[in-house]
Amino acid sequence: MMTFYFGRLVEMFPFFLSGLWMTTKVAFISLIVCTLIGFVLGMLRANDTFFFKHLIGVYVALARGTPFVVQIFIVFFIFPEWGLQLEPFPAALLAMAIMGSAFICEIVAGGIASIPKGQWEAAASSGLTKVQQLRFVIIPQALKVILPPLVGQYVLLIKDTSVVSVIGVMDLTRVGWVTVMRIPEGLMVFALVGLLYFAISYPLILLSNYLERKMAR
Amino acid sequence: MIEFKGVNKWFGKLHVLNHIDLKVQKGEVLVVCGPSGSGKSTLIRCINKLEPIQKGEIIVNGMSVHDSATNLTKLRTEIGFVFQQFYLYPHMTALQNITLAPVNVKKIAKAEAEKIGREKLDRVGLAEKADAYPAQLSGGQQQRVAIARGLAMSPEIMLFDEPTSALDPEMIGEVLDVMVSLASEGITMCVVTHEMGFAKKVADRVLFMDEGKIIETGKPADFFDHPQTERAADFISKILSH
């Protein structure tokens with residue numbers, strides 16, 4: 001029986017690859033977007049403007065303090081009531097961007113906060129603008145602190161993309177659900193699903209470990 | 001050149017600058033001393049707006065420092081600042097530390113800025129350390145690079161906030177030597193320090209602060225040998241006794 005199902009599974013392998021491709025697409029695009037937004041928010045949050053600091057603080061707390069599956073339901077089912085109707089794929093990207101940016105914002109803000117105040121003051125004293133202080137002096141130093149947890153966060157976000165299956169995006173996880181209805185060998189199907197996720201995450205885990213060792217020096 | 005008009009500043013309830021009136025002339029070398037917490041560092045940090053003030057006005061070169069209409073970048077390019085803890089940028093070489101502001105603030109061409117940078121490094125006796133990173137330099141060398149960094153903007157005013165306090169004793173001399181030679185060049189200097197030797201040698205005036213107030217000012221010889229107030233006398237005896 002096992003071998004029979006295994007043969008079926010091999011036949012369906014292209015379907016898995018298409019799921020892997022969708023997962024990769026969701027992950028890749030959302031990670032880029034999250035990184036960009038996360039850095040901008042993190043820099044604003046590290047600034048001492050009261051308004052930004054607290055507004056972003058509220059957003060970060062909400063995005064980090066509620067389950068991603070709830071957030072994605074809100075984006076996909078509730079946003080249309082407010083006039084924003086999205087297909088599953090863009091809805092998935094938007095939800096990922098909202099959630100992931102919050103986590104990355106905190107990592108970036110934490111990294112910036114770890115740089116001594118004197119570095120800002122030295123840069124400010126020489127006439128550099130706030131943006132120049134960040135760009136030339138603060139961020140290059142903060143990156144050492146930011147990079148290892150950032151890559152670690154990428155791994156978590158890649159795994160979180162599995163939640164987008166609940167709104168019908170045909171990603172790796174959804175491929176697993178669909179397949180298991182035809183091949184009732186759950187362990188085998190989801191072992192394959194897990195293995196394919198692992199194939200993307202593991203290199204990043206290694207990278208994160210490597211960066212951690214390198215930056216510690 | 002620098003003028004304080006009724007300047008008041010509070011940190012919460014602490015009245016850290018208490019009605020300061022002060023004029024520093026062009027080319028003058030002013031030494032500020034006083035016990036810790038007397039407001040002396042805060043005083044010079046206000047001059048380039050590292051600190052806000054709550055009352056009064058500070059005028060530098062005709063610019064009102066804390067007026068939001070003042071071009072802060074222009075103000076700061078005319079003032080060099082040297083910190084107790086150096087605060088060199090650790091990810092840049094000595095030369096890159098020095099050329100960062102000339103290239104990005106004054107928009108000087110990179111090659112030209114590097115030429116100026118090397119001159120300034122030579123000026124502080126570190127010509128051969130252009131490509132060294134701060135971590136590869138001793139404390140005294142780092143502080144001299146920090147001074148060169150300030151000088152690279154050709155400022156009219158240099159502010160020093162306890163520039164030798166974080167240094168091992170054997171390195172204090174090399175930093176003071178650089179400062180002495182600067183003083184002789186006619187640059188306006190405000191130096192927070194307890195280095196009496198330096199004060200006696202080059203200061204035009206010593207200013208003694210306590211509890212946010214200017215208690216006493218005078219020529220260094222007069223101040224150190226014949227302080228007018230008990231608090232100053234007490235302070236001098238304390239820094240002499242070790």
Side-chain angles (χ1 to χ4, degrees), chain A residues 35 39-40 42-44 46-54 107-151 207-208 210-217, chain B residues 41 44-52 71-92 96-108 113 117 133-135 142-143 145-155 157-162 166:
Chain A
T35 305
F39 265 80
V40 171
M43 287 186 253
L44 288 173
N47 210 331
D48 34 44
T49 314
F50 183 86
F51 175 76
F52 280 129
K53 202 170 174 163
H54 290 265
I107 292 172
V108 172
I112 291 173
S114 74
I115 304 303
K117 205 167 139 246
Q119 290 286 329
W120 290 92
E121 291 183 344
S125 297
S126 63
L128 295 171
T129 62
K130 258 272 140 64
V131 173
Q132 289 175 324
Q133 293 165 33
L134 270 166
R135 178 171 155 211
F136 297 123
V137 177
I138 306 300
I139 293 293
Q141 294 182 58
L143 274 183
K144 272 187 116 170
V145 184
I146 291 171
L147 275 182
L150 180 65
V151 177
L207 178 64
S208 176
Y210 167 75
L211 287 171
E212 202 141 334
R213 278 197 310 273
K214 189 169 175 228
M215 298 304 179
R217 281 205 299 261
Chain B
S41 287
I44 70 162
R45 286 166 59 88
C46 288
I47 298 174
N48 73 342
K49 209 184 178 184
L50 282 180
E51 299 284 348
N71 183 339
L72 189 58
T73 300
K74 182 172 184 300
L75 173 83
R76 283 174 167 168
T77 56
E78 294 178 12
I79 306 175
F81 199 104
V82 176
F83 297 84
Q84 183 179 355
Q85 303 286 349
F86 335 133
Y87 293 127
L88 292 182
Y89 314 131
H91 58 299
M92 296 183 189
Q96 289 169 336
N97 264 276
I98 296 170
T99 57
L100 180 69
V103 169
N104 292 291
V105 180
K106 283 200 163 175
K107 310 291 178 198
I108 294 173
Y133 283 89
Q142 289 188 53
Q143 192 60 300
V145 172
I147 294 173
R149 178 173 68 179
L151 291 174
M153 299 292 276
S154 322
I157 300 168
M158 283 290 281
L159 306 174
F160 295 84
D161 185 7
E162 306 208 27

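These numbers come from a predicted model, not from an experiment. Chain A is the first sequence line, chain B the second, and so forth, proteins listed ahead of strands; every chain is numbered from 1.
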Find the one option among A:Pro116, A:Gly118, A:Ser126 whose heavy-atom pairs under 4.5 Å with chain B are most numerous. A:Gly118
Chain A contacts, top residue of B:Lys49, B:Lys106, B:Arg45 (heavy-atom pairs, under 4.5 Å): B:Arg45
Go through the atoms of A:Gln119 and report whether side chain, backbone, both or neither lie under 4.5 Å from a heavy atom of chain B. both
Does NZ or CZ of B:Arg149 lie under 6.0 Å from the centre of the six-membered ring of B:Tyr89, at an angle within 45° of the ring axis? yes
Of the listed residues (B:Phe81, B:Phe83, B:Tyr87), which shares the most heavy-atom pairs with chain A below a 4.5 Å separation? B:Tyr87
Distance-minimising heavy-atom pair for B:Ile98 and B:Ala152: CG2-CB, 3.4 Å
Are the side chain of A:Gln133 and the backbone of A:Leu128 linked by a donor-acceptor contact shorter than 3.5 Å? yes
Contact part of B:Leu75 toward chain A, heavy-atom cut-off under 4.5 Å: side chain, backbone, both or neither? neither
Sidechain-backbone polar pair: A:Ser208 side chain, A:Pro148 backbone, donor-acceptor under 3.5 Å: yes
Nearest heavy-atom contact between A:Val108 and A:Met43 is CG1-N, 4.3 Å
Top residue by heavy-atom pair count (under 4.5 Å) with chain A, among B:Asn48, B:Ile79, B:Asn104? B:Asn104
Shortest non-hydrogen contact from B:His91 to A:Gln141? ND1-CG, 3.4 Å
Between B:Leu72, B:Leu100, B:Val82, B:Leu159, the one whose heavy-atom pairs under 4.5 Å with chain A are most numerous: B:Leu100
